[in-house]
Amino acid sequence: MVFALVAMGILCGILIIYLIGIKLQLRNIRRQLEHRQKERSEGMITLELQDQDLKEMTVALNQTLKQETDYRRSQNMQENEFKNLITNISHDLRTPLTVMKGYLQLLERCEIDTAGRDYLAVCFRHTDELEYRIHQFFEYSYWMNQEQEISLHPVNVTNLIADTMTDFVPVFEEKGLSMRLEKDVIWKAMADEELLKRVMQNLLKNCLQYAVGEVRVSVTEERTADLEGNESAERVRVCVGNPIADDSRLDASAVFQRFYVEQEARNQSTGLGLSIVKLLVESMQGEVFAAREGNWFSVGFLLKKHIE
């Protein structure tokens with residue numbers, strides 16, 4: 001009887017040690033996975049406890065991780081090839097386009113009849129449009145390949161936006177559109193002034209494609225609450241909103257994807273304007289957003305507020 005109790009006690013002790021070992025090994029596997037994810041490591045999972053079931057599980061896990069690593073490498077390679085393709089296409093198209101515009105300008109100086117000048121005006125309009133699209137491709141590829149960290153400094157966001165909107169007034173009036181800046185309150189954010197101006201230019205150009213009424217631009221602060229419920233203003237929020245056609249199929253969840261265009265407007269845009277906005281805003285450590293409620297579309301971004 002005593003021997004049986006002793007044997008049972010030893011067996012229980014061995015079982016407890018085994019279970020503790022299993023638990024420690026599972027914890028170690030979790031740590032390895034977390035480290036792999038955090039450091040973007042490609043190392044495989046190793047075992048210290050040679051348990052057959054754990055060994056088989058680890059083999060299967062490593063096979064899955066290897067497949068994920070191979071897929072990620074393939075995606076990165078394809079992405080780099082795509083970036084290079086866009087850059088090369090942009091460069092290759094610039095030279096013949098420049099030559100074409102040069103000959104059109106020479107032709108403009110020649111003696112041609114009224115019909116010929118009308119045709120020439122059409123050629124100039126289309127070459128200007130082509131030049132703009134090529135410029136967008138070039139700008140997109142440049143920022144996709146940009147690895148240098150952007151230097152941020154305090155920028156008066158409200159004034160910059162007001163000045164940019166003023167520059168666009170003639171174009172908006174030509175399209176029969178109007179715009180206004182709501183609540184003209186001065187807000188400053190940490191940004192790059194030139195990049196921020198490009199962001200606003202692209203957002204307003206986007207309005208020219210989709211807006212069917214007054215465009216409203218707002219600059220506000222976004223407040224966040226800490227664990228104790230105390231509010232603090234940490235970011236400046238810029239929002240550009242406008243009505244769109246009732247039958248529009250504009251998808252707010254997809255507008256920042258490169259080459260996304262609304263089906264009906266496929267021949268009017270490269271679909272890169274808002275993709276460039278996303279790249280530029282994120283390079284300034286901000287984030288973008290877009291939403292649609294019925295026929296009202298809004299798009300914008302958030303930047304870290306400058307605290308004086």
Side-chain angles (χ1 to χ4, degrees), residues 38 135-136 138-169 171-172 178-208 210-211 214-242 252-253 255-258 272-293 296-308:
K38 182 178 180 181
H135 174 74
Q136 276 203 319
F138 184 80
E139 185 178 14
Y140 179 78
S141 63
Y142 173 80
W143 288 109
M144 280 288 289
N145 290 285
Q146 182 66 255
E147 296 181 356
Q148 183 178 356
E149 187 174 341
I150 303 299
S151 178
L152 305 180
H153 57 274
V155 175
N156 188 320
V157 178
T158 308
N159 284 353
L160 184 144
I161 290 176
D163 291 342
T164 307
M165 291 174 66
T166 301
D167 294 338
F168 272 77
V169 168
V171 188
F172 269 68
S178 61
M179 56 179 168
R180 66 183 167 94
L181 179 61
E182 299 181 331
K183 297 181 180 179
D184 193 6
V185 179
I186 298 299
W187 296 109
K188 293 183 179 181
M190 300 302 296
D192 177 280
E193 190 167 347
E194 185 59 34
L195 296 191
L196 185 55
K197 186 174 182 179
R198 291 188 192 181
V199 167
M200 282 307 305
Q201 288 172 341
N202 280 349
L203 289 178
L204 293 176
K205 287 174 183 176
N206 185 71
C207 293
L208 291 172
Y210 299 110
E214 184 181 56
V215 175
R216 301 175 190 172
V217 181
S218 63
V219 186
T220 57
E221 63 176 350
E222 183 182 80
R223 292 184 173 274
T224 57
D226 58 23
L227 295 177
E228 298 179 355
N230 299 317
E231 286 190 344
S232 61
E234 295 181 351
R235 298 193 294 184
V236 172
R237 184 179 190 271
V238 177
C239 182
V240 179
N242 58 267
S253 65
V255 293
F256 292 110
Q257 297 175 10
R258 64 187 178 202
L272 286 174
L274 292 184
S275 298
I276 294 173
V277 166
K278 185 174 187 293
L279 286 173
L280 295 181
V281 170
E282 289 180 350
S283 72
M284 293 185 287
Q285 302 174 23
E287 64 178 277
V288 293
F289 63 86
R292 177 180 178 178
E293 295 183 10
W296 184 263
F297 174 68
S298 58
V299 61
F301 57 91
L302 298 125
L303 294 174
K304 184 178 179 181
K305 182 182 177 183
H306 169 60
I307 308 298
E308 298 183 5

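Side-chain atoms are counted along with the backbone in the values below, which use heavy atoms only and exclude waters and symmetry mates.
The backbone N or O of V185 lies less than 3.5 Å from a partner atom in the side chain of T158, making a donor-acceptor pair. Panel note: side chain S298, backbone V240; no donor-acceptor pair is recorded below 3.5 Å.
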I'd like a table of donor-acceptor pairs (distance under 3.5 Å, sequence neighbours excluded) in which one partner is a side-chain atom from residues 186-193, with atom names and distances.
from : atom 1 : to   : atom 2 : distance (Å)
W187 : NE1    : V219 : O      : 3.1
K188 : NZ     : E308 : OE2    : 3.2
D192 : OD1    : E194 : N      : 3.1
D192 : OD1    : L195 : N      : 2.9

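The local environment of NZ in K304 is sparse, with at most 12 non-hydrogen atoms from other residues, nucleotides or ligands closer than 6.0 Å.
Closest of all the heavy-atom pairs between M200 and I161 is CG-CG1, 3.7 Å. The two residues K205 and F168 have their closest heavy-atom pair at CG-CE2, 3.8 Å. Listed here is the closest heavy atom pair of L181 and A162: CD2-CB, 4.1 Å. Smallest separation of non-hydrogen atoms from F172 and L204: CZ-O, 3.8 Å. In this structure, A211 and N242 approach most closely via the heavy-atom pair CA-ND2, 3.4 Å.
Take K278 and apply the side-chain hydrogen bond (donor to acceptor under 3.5 Å, both in side chains) test, not counting sequence neighbours, and it matches E282. Every residue two or more places apart in sequence or in another chain that forms a side-chain hydrogen bond (donor to acceptor under 3.5 Å, both in side chains) with S253 is listed here: D251.
The side-chain heavy atoms of E234 and I307, taken from C-beta on, include no pair separated by under 4.5 Å. In this structure the side chain of F297 reaches within 4.5 angstrom of the side chain of N206, judged on heavy atoms. Counting heavy atoms from C-beta on, the side chains of R237 and F289 come closer than 4.5 Å. L274 has its side chain out of reach of V288: every pair of non-hydrogen atoms, C-beta onward, lies at least 4.5 Å apart. Using a 4.5 Å heavy-atom threshold, the side chains of R216 and R180 count as touching.
Rounding to the nearest 0.5 Å gives a distance of 8.5 Å between CG of L152 and CG of L303. The CZ atom of R235 sits 11.0 Å away from the OG1 atom of T220 when rounded to the nearest 0.5 Å. Rounded to the nearest 0.5 Å, atoms SG (C239) and CD (E222) are 11.5 Å apart. Distance check: T164 OG1 to N159 CG gives 10.5 Å after rounding to the nearest 0.5 Å.
Just one residue in the list V199, V281, N202 forms a side chain to side chain contact (heavy atoms under 4.5 Å, CB included) with I276, and that residue is N202. Put simply, the residue from L280, V238, V236 that forms a side chain to side chain contact (heavy atoms under 4.5 Å, CB included) with F301 is V238.
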